[in-house]
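In what follows, a single structure is set out as structure tokens and then discussed.
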Amino acid sequence: MNVKYKILDSGSNTLFKSLYDLDALIIFCNSAKPLIPTNKIFNDLKFDVEKQIKNHNFTGNEDKYLEIISGKKNKYIKIILIGCGDLKNKKSIEYHACCGVRKTISLGYSNIGIFTSLNIRKINNYQSFLSRGSLWGTYKYSFQKNDNICINFISTKNHLLLVKEGIIEGQTICKVADLSNSPGNIATPTKISQYVEKITSETNLDTTFLKKVDLEEKKCGGILSVADGSKHDPEIIIMKHLLSSKKTNPIVLIGKTVTFDSGGISLKPGKDMGWMKYDKCGGMSVLCIMEIISKLKLNIPIIGILGVAENMPGSNATRPGDIISTYNKKTIEVLNTDAEGRLILADALGIGSEFQPSCIIDIATLTGAVIMALGHSASAVLGNNNDLIHSLILSGNNVGEKLWELPILQDFVNDMKSDFADLSNLSKSGTAGTATAAAFLSEFIPKNIPWAHIDIAGTAWKNCKTNYQDAGATLFSVRLILEWLKNYSK
Ligand code: BES
Ligand code: ZN
Ligand code: ZN
């Protein structure tokens, strides 16, 4: 990444000098009111900006901006006023920080300043959202990198910790977005494994790599059958963030990590198949969360599990009709090799259940049907525990990653029974695709473990660019799970 950041002390007497060195200074406008820290060194700036806002009739409405210059002769500052409408919460601060930085970069500026101490009444502890959003605003996929961008966070001392927390989160999200956006020929199972090895060496994560031989020994017939048609070996990666001080049961996070989903022998149609490089995004979220919590040294024991495989139609591929046996000894009739995610998750959930978890959350681009149900505006959440599901929905609402609950009815479980094995990977009815997939997964979770499944097939990537990001991976669920871990999991 070529993106750098600096933190400038907004209380320092020499700050103004550094401001003149910037290419541009971003100032958020809460409607027409510029958010400039209350500090007498900014009095003149504030007075001038307010005057210019009036002269230009700048309303500060959402997604509007205005470029102005404040100062005189050699001592002037270019200012980008970013309209935020009526700022109400942390998620809108994150959104506008991101859009503001993207707009400023698109105007050609590289060395950019941004105030992080905004004096907005009623919104607390938003500084980490602001710095996280600003860094997401700098993100471009490797092949089209932004050159030499530097974000200067102008912060008071008391907000430093939060600003730094958001920087760690934002930088990690950008780094994992690069892996997520990499296509199947680059982000192979081996490449993902190497990435995890690297972060394991940089953090306190304790990682186990279950390679193909280990999966054979453990009789993980689900993930093995998915990878049979590919030249790349599958892997289950277990990352442990355990604390010596806290002996409570761990939270287990599981991510579907299919590096490319061709459908296998039940080959997908060619149109739009290229998007299936994003079938690893559940795993990418889990990986990103594990990297962040280990860097932030979060005081919660968490285990992240990735089921990594490629789904291809090679000559050794699983055939429709084949019967396989999973880690927990259930047999599955594979009627459609394109319903591969649930086969991988069956093994991963079996392994995850053995850590005596306080709860399990799995994240997966599991069904096209979720797009029929919720479009690209929300992910589906399903599970066996109301408290868990509702706390996740609440966390999602706080960060702008919406979840919507669908039910797992007994009918759906019955619909997944096979005439030739314990279960089929395809429902008999062909209806309720997202919920029948979750009903299938529920058969691999002991009833006493609270469990939630998040289907991100409609939200894991954007097809085209928006004010908030380019086309590509969104890392949907990272922000919501972090919020949940910090606030609701205790
Ligand atoms: N990876 C796909 C789900 C998907 C579809 C993700 C569209 C993102 C966008 C999954 O493996 C799949 O193919 N599911 C099938 C299941 C069906 C065969 C029961 C589906 O949804 O069509
Ligand atoms: Zn598939
Ligand atoms: Zn898939």
Side-chain angles (χ1 to χ4, degrees), residues 1 132 135-136 139 141-142 168-184 186-211 223 232 234-242 250-260 277-298 300-310 341 344-345 348-349 351-352 355 360-366 379 401 454 456 459-461 472-482 484-485:
M1 292 275 293
R132 182 169 76 184
L135 288 183
W136 186 234
Y139 178 68
Y141 178 50
S142 316
I168 289 178
E169 294 178 8
Q171 281 187 317
T172 312
I173 292 173
C174 291
K175 198 155 68 94
V176 178
D178 250 8
L179 189 59
S180 311
N181 283 321
S182 295
I186 296 173
T188 58
T190 312
K191 185 65 165 274
I192 286 167
S193 184
Q194 284 166 349
Y195 183 98
V196 180
E197 265 175 39
K198 183 152 187 293
I199 63 157
T200 300
S201 70
E202 291 166 1
T203 62
N204 282 331
L205 288 173
D206 172 8
T207 308
T208 310
F209 298 87
L210 299 177
K211 302 278 179 187
I223 188 167
H232 297 289
E235 228 172 286
I236 287 184
I237 304 176
I238 305 170
M239 294 164 274
K240 293 184 184 159
H241 169 78
L242 299 177
I251 292 163
V252 168
L253 305 175
I254 298 181
K256 169 180 172 182
T257 318
V258 172
T259 58
F260 185 73
K277 66 180 174 188
Y278 289 114
D279 212 18
K280 57 185 178 303
C281 282
M284 294 299 95
S285 289
V286 172
L287 174 58
C288 190
I289 293 160
M290 295 309 291
E291 185 170 346
I292 289 171
I293 59 163
S294 63
K295 284 180 178 165
L296 294 181
K297 303 197 170 33
L298 222 66
I300 310 169
I302 307 172
I303 299 178
I305 303 179
L306 310 185
V308 192
E310 187 187 41
I344 295 172
L345 290 176
L349 291 168
I351 290 175
F355 292 107
I360 298 181
I361 302 169
D362 78 78
I363 307 169
T365 46
L366 205 65
S379 301
E401 293 185 336
I454 302 178
I456 57 168
T459 50
W461 77 88
T474 59
L475 272 301
F476 184 105
S477 77
V478 169
R479 302 157 188 87
L480 103 81
I481 298 286
L482 288 175
W484 180 79
L485 288 169

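In this chain, numbering begins with 1 at the start of the sequence shown.
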How many angstroms lie between [atom1] in [X] and [atom2] in [Y], if you round to the nearest 0.5 Å?
X	Y	atom1	atom2	answer
I454	L366	CD1	CG	12.5 Å
F260	K277	CZ	NZ	10.0 Å
W484	E401	CH2	CD	14.5 Å
T459	L475	OG1	CG	11.0 Å
I168	E291	CD1	CD	10.5 Å
T172	K175	OG1	NZ	6.0 Å

Ignoring hydrogens and angles, tell me if any N or O in the side chain of E310 forms a donor-acceptor pair with the backbone of T259 under 3.5 Å. no

Tell me whether H241 contacts the main-chain N or O of D206 through its side chain, where contact means a donor paired with an acceptor under 3.5 Å. no

Determine whether the side chains of D178 and Y195 contain a donor N or O and an acceptor N or O closer than 3.5 Å. no

Which atoms form the tightest heavy-atom contact between [X] and [Y], and what is the distance?
X	Y	value
T257	G283	OG1-CA, 3.2 Å
K256	T365	NZ-O, 3.0 Å
K280	L179	CE-O, 3.3 Å
M239	L306	CE-CG, 3.7 Å
I289	S477	CD1-O, 4.2 Å
P301	L242	CB-CD2, 3.9 Å

cation_pi(R479, W136) dist<6.0 Å, angle<=45: yes

Find out whether [X] and [Y] are in side-chain contact, i.e. whether some heavy atom of one side chain is under 4.5 Å from a heavy atom of the other.
X	Y	result
I251	L485	yes
I363	I254	no
D362	I305	no
I351	L210	yes
I173	I292	yes
I238	F355	yes
I293	I302	yes
I192	M284	yes

Hey, mind stepping through E235 and S193 against side-chain hydrogen bond (donor to acceptor under 3.5 Å, both in side chains) and telling me if it holds? CA-CA 8 Å; E235 228 172 286; S193 184; 2.7 Å; yes

Does CG in N204 sit with more than 12 non-hydrogen atoms of other residues, nucleotides or ligands closer than 6.0 Å? no

Got a sec: does the NZ of K211 have more than 12 other heavy atoms crowding it under 6.0 Å? yes

For T203, what residues pass the side-chain contact (heavy atoms from CB on, under 4.5 Å) criterion, not counting sequence neighbours? L205, S294, K295

Which residues pass the ring-ring contact (aromatic ring centres under 6.0 Å, His included) test with Y278, not counting sequence neighbours? W461

Passes side-chain contact (heavy atoms from CB on, under 4.5 Å), V196 versus L287? Steps please. CA-CA 8 Å; V196 180; L287 174 58; 3.8 Å; yes

Sorted by chain and number, sequence neighbours left out, side chain to side chain donor-acceptor pair (under 3.5 Å) with T474 holds for none

Intermediate values then yes/no, side-chain contact (heavy atoms from CB on, under 4.5 Å), Y141 and S182: CA-CA 8 Å; Y141 178 50; S182 295; 3.3 Å; yes

